[in-house]
Number of protein chains: 2
Amino acid sequence: MESRIERICVEQGLKMTGQRRVIARVLSDAEDHPDVEELYRRASSLDSRISIATVYRTVRLLEERGILERRDFGGGRARYEPTEHGRHYHLIDVDTGRVIEFEGGEHDQLMARIAETLGFDLVSTRLEIYGRRQTAAVRPEAAGEAVELASPP
Amino acid sequence: MESRIERICVEQGLKMTGQRRVIARVLSDAEDHPDVEELYRRASSLDSRISIATVYRTVRLLEERGILERRDFGGGRARYEPTEHGRHYHLIDVDTGRVIEFEGGEHDQLMARIAETLGFDLVSTRLEIYGRRQTAAVRPEAAGEAVELASPP
DNA sequence: ATATGTGCAAAATGTTTGCTGTACG
DNA sequence: CGTACAGCAAACATTTTGCACATAT
């Protein structure tokens with residue numbers, strides 16, 4: 001079946017090769033923020049005839065088309081997630097590398113206003129929180145954590 | 001004369017070599033956010049007997065000691081600025097690479113509250129705005145712009 | 001049929017490191 | 001005088017690219 005990202009690629013008139021179809025599927029299925037190495041690993045397991053150069057070229061293409069967003073949470077490798085309309089931000093657990101998404105709320109307008117004040121049109125923003133899990137004793141409750149594993153810093 | 005950063009180094013008991021003194025001076029005088037290449041260029045012009053490896057080692061050391069802060073505004077190279085107590089954030093002009101600093105205001109508490117809500121102790125935050133200069137016609141005024149030149153994206 | 005994409009290996013880029021000699025405290 | 005630092009070049013990690021071949025439209 002045609003994956004969500006593949007559908008978007010077709011709509012944009014991109015030539016769909018076998019490799020792109022596989023990478024599109026991997027991206028569509030991803031619920032985390034994989035780096036290129038990880039995308040390559042997942043794609044390879046679906047179809048071993050894929051080179052990492054193709055993964056690099058494909059994520060670059062999809063980013064240019066606005067289909068993917070590149071993230072940099074430190075650690076020197078870029079990570080990717082499908083573009084979502086409806087802003088969200090990221091909290092990164094500095095001990096485990098887990099990434100938790102949260103809604104922007106007031107930040108969006110706040111940043112737009114700052115840009116405006118300084119005489120700029122807002123192009124994009126970046127807001128990340130790096131945190132450490134509170135000890136159980138101190139911690140009241142923790143709901144809806146979009147859990148993901150990444151490499152600790 | 002002893003530069004501001006050199007004084008801090010001495011206070012922290014760091015061994016002050018000629019090279020470190022020069023790098024400390026360059027950092028003290030910098031009013032922008034230079035990358036290692038640029039620091040190396042400036043340091044070399046003061047004293048040519050400095051290797052780029054030493055610059056890398058020194059900024060790493062100073063960052064570990066909390067004297068410098070590493071920034072990543074995209075473009076793949078780390079940039080540095082002396083630690084200031086009193087948070088500020090950065091707006092990056094996507095066309096020119098200029099960096100403008102602005103005060104955090106409500107963001108600080110807002111992010112602390114988000115971390116708290118998700119069950120985390122806040123370790124650090126990252127907030128950047130990428131913008132494009134408004135056309136003169138649309139633009140009312142623009143006060144106090146901490147101008148800096150960097151490489152366009 | 002033709003433009004575009006792919007694989008591979010080599011290059012480019014930014015950063016770190018092993019080793020040997022040097023210099024600060 | 002001993003420990004930590006500096007210079008150099010080689011190693012490293014990630015990403016890009018040149019070229020010959022393959023494939024989608």
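Naming convention: chains lettered A, B, ... in sequence-line order (proteins, then strands); numbering from 1 in each chain.
The side chain of B/Gln19 places no N or O atom within less than 4.0 Å of a non-bridging phosphate oxygen (OP1 or OP2) of C/dA23. The shortest distance between the side-chain N/O atoms of B/Thr17 and the OP1/OP2 oxygens of D/dA6 is below 4.0 Å.
Between the OH atom of B/Tyr56 and the C1' atom of C/dG18 there is a distance of 18 Å, given to the nearest Å. B/Asp72 has its CG atom 15 Å from the P atom of D/dT14, to the nearest Å. Nucleotide C/dC8 holds its P atom 12 Å from the CD1 atom of A/Ile52, rounded to whole Å. Regarding B/Tyr40, its OH atom lies at a distance of 15 Å from the P atom of C/dG14, rounded to whole Å. Counting to the nearest Å, the C1' atom of C/dC24 and the CG atom of B/Leu61 are 15 Å from each other. Counting to the nearest Å, the P atom of C/dG14 and the CZ atom of B/Arg77 are 4 Å from each other. Computed from coordinates, the B/Arg21 CZ to C/dC24 P distance equals 8 Å when rounded to whole Å. In this structure, B/Glu37 places its CD atom 9 Å from P of C/dT15, rounding to the nearest Å.
Proximity of a side-chain donor or acceptor of A/Ser28 to a complementary backbone N or O of A/Ile5 within less than 3.5 Å is detected.
Under the 3.5 Å distance criterion, with hydrogens and angles disregarded, no donor-acceptor pair is assigned to the side chains of A/Asp35 and A/Tyr40. Under 3.5 Å, the side chains of B/His33 and B/Glu38 contain no donor-acceptor pair of N or O atoms. Between A/Asp32 and A/Tyr80, the side chains place no donor N or O within less than 3.5 Å of an acceptor N or O (distance only, hydrogens not considered).
Mapping B/Ser48 and B/Lys15 onto DNA chain D by nearest heavy atom places B/Lys15 at the nucleotide closer to the 5' end. The nearest heavy atom of DNA chain C to A/Thr58 and to B/Arg70 marks one nucleotide each, and the one closer to the 5' end goes with A/Thr58.
Using a 4.0 Å heavy-atom cutoff across all strands shown, B/Arg57 reaches at least one base atom of the nucleic acid.
Each of C/dT17, C/dG25, D/dA6 was ranked by its minimum atom distance to the side chain of B/Ala53; first place goes to C/dT17. With distances taken from any side-chain atom of B/Arg60 to the nucleotides C/dC8, C/dT6, C/dT16, the minimum falls on C/dT16. Closest to the side chain of B/Ser51, from the set C/dC24, D/dC8, C/dA9, is D/dC8. Proximity note for A/Thr54 (side chain, C-beta onward) versus D/dA6, C/dG7, D/dC8: the nearest is C/dG7.
At a threshold of 4.5 Å between side-chain heavy atoms, the hydrophobic network of Ile, Leu, Val, Met, Phe, Trp and Tyr places A/Val26 and A/Ile67 in one connected group.
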